[in-house]
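Both counts, for ligands and for their atoms, begin at 1 and track the order of listing. By convention here, the first residue in the shown sequence is residue 1. All values reported here derive from a predicted model rather than from experimental measurement.
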Amino acid sequence: MYRYCPPLRDQAFVLHELLGTADVLAALPCGADWDRATIDQTLAEAARFMAAELLPLNTIGDREGCSVVRDADGAPAGVRLPAGFAAAWQRYVAAGWPALGSDQALGGQGAPSVVAMAVYEYVNGCNPAWGMIPGAMRGAYRLLRAYGSPQQQRDYLTRIVSGEWTATMAITEPQCGSDLSLLRTRAEPRPDGSFAIHGSKLFITGGDHDMAANIVHLVLARLPDAPPGVGGISLFLVPRHLPDAGAPGGLAPAVNAMVATAVEHKMGLNGSPTCAMSFDGSIGWLVGQPHQGLRAMFVMINSARVAIGAQATGMGQAAHDSALAYARERLQMRVAGGPARPDLAADPIVLHADVRRMLLTQKAHVEAARMFTAWLALTLDIAETHPDAARRESADRTVALLTPVLKAFTAENATLVANLAIQVHGGHGYVRDHGVEQIVRDVRVAQIYDGTTAVQARDLLSRRVLADQGRGLKSFLSQVREDARPMEAFFREPLLALCDGLESLTADIAAAQDDMAGASGCDYLRALGHLVCGWLFARAARVAGHCLAEGRGDGFHRAKQATARFYVERLLPQAQAHIAVARSGVASLSALDERELFGESA
Ligand SMILES: Cc1cc2nc3c(=O)[nH]c(=O)nc-3n(C[C@H](O)[C@H](O)[C@H](O)COP(=O)(O)OP(=O)(O)OC[C@H]3O[C@@H](n4cnc5c(N)ncnc54)[C@H](O)[C@@H]3O)c2cc1C
């Protein structure tokens, strides 16, 4: 059975005991209203709402999927979502959840990112396909808040904040995926200052659907005088329905010249409408400056990358909850030295050492992802709103450095965690009835969208580490070293060794004359991801130890210590293997011409 229990206890540990979130927020203008009680009440209500409204729709969404509705002539005329999805959206809007993380001045509730991400984790544990549209809307909100004109903010942003309208990120085209310099969509100026958008977009999440009155597409396109390459891309706001003050609801009833020509038949996330869109002279308006669209769009992309940490955590938790429940019920063979349960026909598989290894691997990765996401989201809150400019700048450097790591590392680990859920279920995991194969299918794409793992690795090395002369990395490494030095040797030694290893690997990559960065980037990223998580687990173990020593601790804290030690003993050593692989550079990849290496058959 697909199981998911919103992890309120662990969330409270991470936010309050580990990060002291309410105290950090108290120093920020965005956090004045978010004391511990308010955070806990919000999370408890979010857990209740998502479990009641979204969880029951998860399997339905997977089985039913989305479909293009056709008119009498067979032409595409909209997209239908799975049963119950639109009604759940209406209740989500009525309960005010879309507005949670938005500014109060825009009608939002002003929750800081760290709280919004915790809630988004629950959305994804309950129903990741449904969660795709609210995920995109958070990025659209952040983009339009930063770059939208006052009129765009008044007419569009407030409706995105309330959830009355949804939004999309329209970047990808058939020939243009990771390489945005290949983008072809055109924007032609119109006499009234608007633009006519022409082009085909692919894989657009929420490109069309029946759950909101309007959809605000944020579209990358080129102006006629655009220079080639990524420096010639502009951003446009293109609504599905144009404003019309005289029409009911203030919207023209006819659709702006655009159509969702197809809904992709995907491996997973079937309840999410991933649309091929045709913009056929659709009317839109420039957002920000001409040819500066990519910079603006990166606000949305980076928001999505942080949100993937929450998405991976939610889906990983569901995989772990499902596997654990099954492992406690399933009886097979006797444990070494057993029987452990002579009253039963065989011992529950949760007692076998190897099943315990799989469950602990899941638990460790999920808890690591939760800590990483919460800590980075809180750092983002500091970067955006701390009154001290130096604190903002330092936090901003950390966010810039670690956003690609959070995105790629947690997405890859969540796939591993989901795969382990199948392994724990044996053959019963491979068949549909238990629901865990859906998690593998749903989570896999997190390594692809919003930039593949290789794209994150390129971004990390070229823009966040090397271009910055390693300043962001150095400051993060000194934070880890400072924390690690007083720790017991079990945590201190591997963390310090990893800091040294990453530092010297960085120097080698910076000095390399060949494409060592390209050949080593993914291993570099994983090593850094392990360092972040190993460091956070070491801190978590220290906090748990204090609680136990002071008589405030319980079984939860003992489990936290055990999981931290498992991470350091069994998972963290992989980081040194990644460093060793990264050091091998391009040699084994480029020994032969690709035709000779792979043969001519393809
Ligand atoms: C379910 C789903 C939802 C999506 N939602 C949206 C959305 O809402 N809006 C939107 O605009 N797009 C969306 N996308 C598109 C997604 O962002 C792209 O699929 C992704 O960025 C990768 O582009 P691509 O598929 O063209 O792969 P490609 O760019 O063709 O990459 C293919 C492979 O080549 C590798 N590669 C490419 N260049 C390099 C390089 N320089 N170095 C090393 N490796 C490289 C990649 O890592 C990858 O392994 C979605 C996709 C899916 C599947």
task: May I ask you to identify the nearest protein heavy atom to atom 8 (O) of ligand 1, giving residue, atom name and distance to one decimal place in Å?
output: Thr205 N, 3.0 Å
4.5 Å side-chain heavy-atom contact, Tyr4 and Asn58: no
- request: Check whether any protein heavy atom sits under 4.0 Å from atom 50 (C) of ligand 1.
  value: yes
message: With the threshold set at under 4.0 angstrom, would you say Ile448 reaches ligand 1 through any of its heavy atoms?
response: yes
- request: Could you tell me whether Ala170 and ligand 1 have an N or O pair separated by under 3.5 Å?
  value: no
- request: Of the side chain and backbone of Thr452, name the one, both, or neither that has a heavy atom under 4.0 Å from an atom of ligand 1.
  value: side chain
- prompt: Under 4.0 angstrom from atom 36 (N) of ligand 1, is there any protein heavy atom?
  reply: no
field: Test item: protein heavy atom less than 4.0 Å from atom 39 (C) of ligand 1
entry: no
query: Is the closest side-chain donor-acceptor distance between Thr410 and Arg370 under 3.5 Å?
result: no
- request: Report the C-alpha distance between Val532 and Leu402 in whole Å, list the side-chain angles of each, state the deciding distance to 0.1 Å, and finish with yes or no for side-chain contact (heavy atoms from CB on, under 4.5 Å).
  value: CA-CA 9 Å; Val532 175; Leu402 293 176; 4.0 Å; yes
- request: Could you tell me whether some N/O pair between Thr172 and ligand 1 is separated by less than 3.5 angstrom?
  value: yes
Ring geometry between Trp130 and Tyr92 (parallel below 30°, tilted from 30 to 60°, perpendicular above 60°): perpendicular
query: Is the cationic atom of Arg463 (NZ for Lys, CZ for Arg) positioned less than 6.0 Å from the six-membered ring centroid of Phe298 and within 45 degrees of its normal?
result: yes
- request: State, with a plain yes or no, whether a side-chain heavy atom of Phe85 is found less than 4.5 Å away from one of Asp210.
  value: no
- line: heavy-atom search around atom 42 (N) of ligand 1 in the protein gives Arg458 CD, 3.8 Å
query: If you count the atoms of ligand 1 from 1 in the order shown, which ones are under 4.0 Å from a heavy atom of Ala454?
result: 43 (C), 44 (N), 47 (O)
- prompt: So, does Asp450 sit close enough to ligand 1 that a heavy atom of it is under 4.0 Å from the ligand?
  reply: yes
message: Does any N or O of ligand 1 fall below 3.5 Å from an N or O anywhere on Met169, backbone included?
response: yes
query: How about atom 33 (C) of ligand 1: does it have a protein heavy atom within less than 4.0 Å?
result: no
query: Do any nitrogen or oxygen atoms of Phe203 lie less than 3.5 angstrom from nitrogen or oxygen atoms of ligand 1?
result: yes
- request: Considering heavy atoms of the protein only, find what lies nearest to atom 2 (C) of ligand 1 and give residue, atom and distance to 0.1 Å.
  value: Tyr449 CD2, 3.6 Å
message: Are Phe236 and His217, when compared by the centres of their aromatic rings, separated by less than 6.0 Å?
response: no
query: At under 4.0 Å between heavy atoms, which part of Glu264 makes contact with ligand 1: side chain, backbone, both or neither?
result: neither
- prompt: Taking only heavy atoms of Gly177, which atoms of ligand 1 are found under 4.0 Å from at least one of them?
  reply: 23 (O), 24 (P), 26 (O), 29 (O)
field: Proximity winner for atom 28 (P) of ligand 1, if only heavy atoms of Cys275, Ala517, Ser178 are counted
entry: Ser178
- prompt: Does a donor on one side chain sit under 3.5 Å from an acceptor on the other, for Ser504 and Arg583?
  reply: yes
task: Please examine the side chains of Phe195 and Glu188, heavy atoms only from C-beta on, and report whether any two atoms are closer than 4.5 Å.
output: no
query: With a 4.0 Å heavy-atom cut-off (strictly under), which part of Lys266 contacts ligand 1: side chain, backbone, both or neither?
result: side chain
message: Tell me whether atom 26 (O) of ligand 1 lies less than 4.0 Å from at least one protein heavy-atom position.
response: yes
task: Scan side-chain atoms only and decide if Gln153 and Thr158 contain a donor-acceptor pair under the 3.5 Å cut-off.
output: no
query: Tell me the salt bridge (Lys or Arg N to Asp or Glu O under 4.0 Å) pairs involving residues 443-457, sequence neighbours left out?
result: none
task: Not counting sequence neighbours, which residues clear salt bridge (charged side-chain N to carboxylate O under 4.0 Å, His left out) with Asp515? List them please.
output: none
field: Side-chain (Asn124) to main-chain (Gly314) donor-acceptor, under 3.5 angstrom
entry: no
- request: Please state whether Val445 comes within less than 4.0 angstrom of ligand 1, counting heavy atoms only.
  value: yes
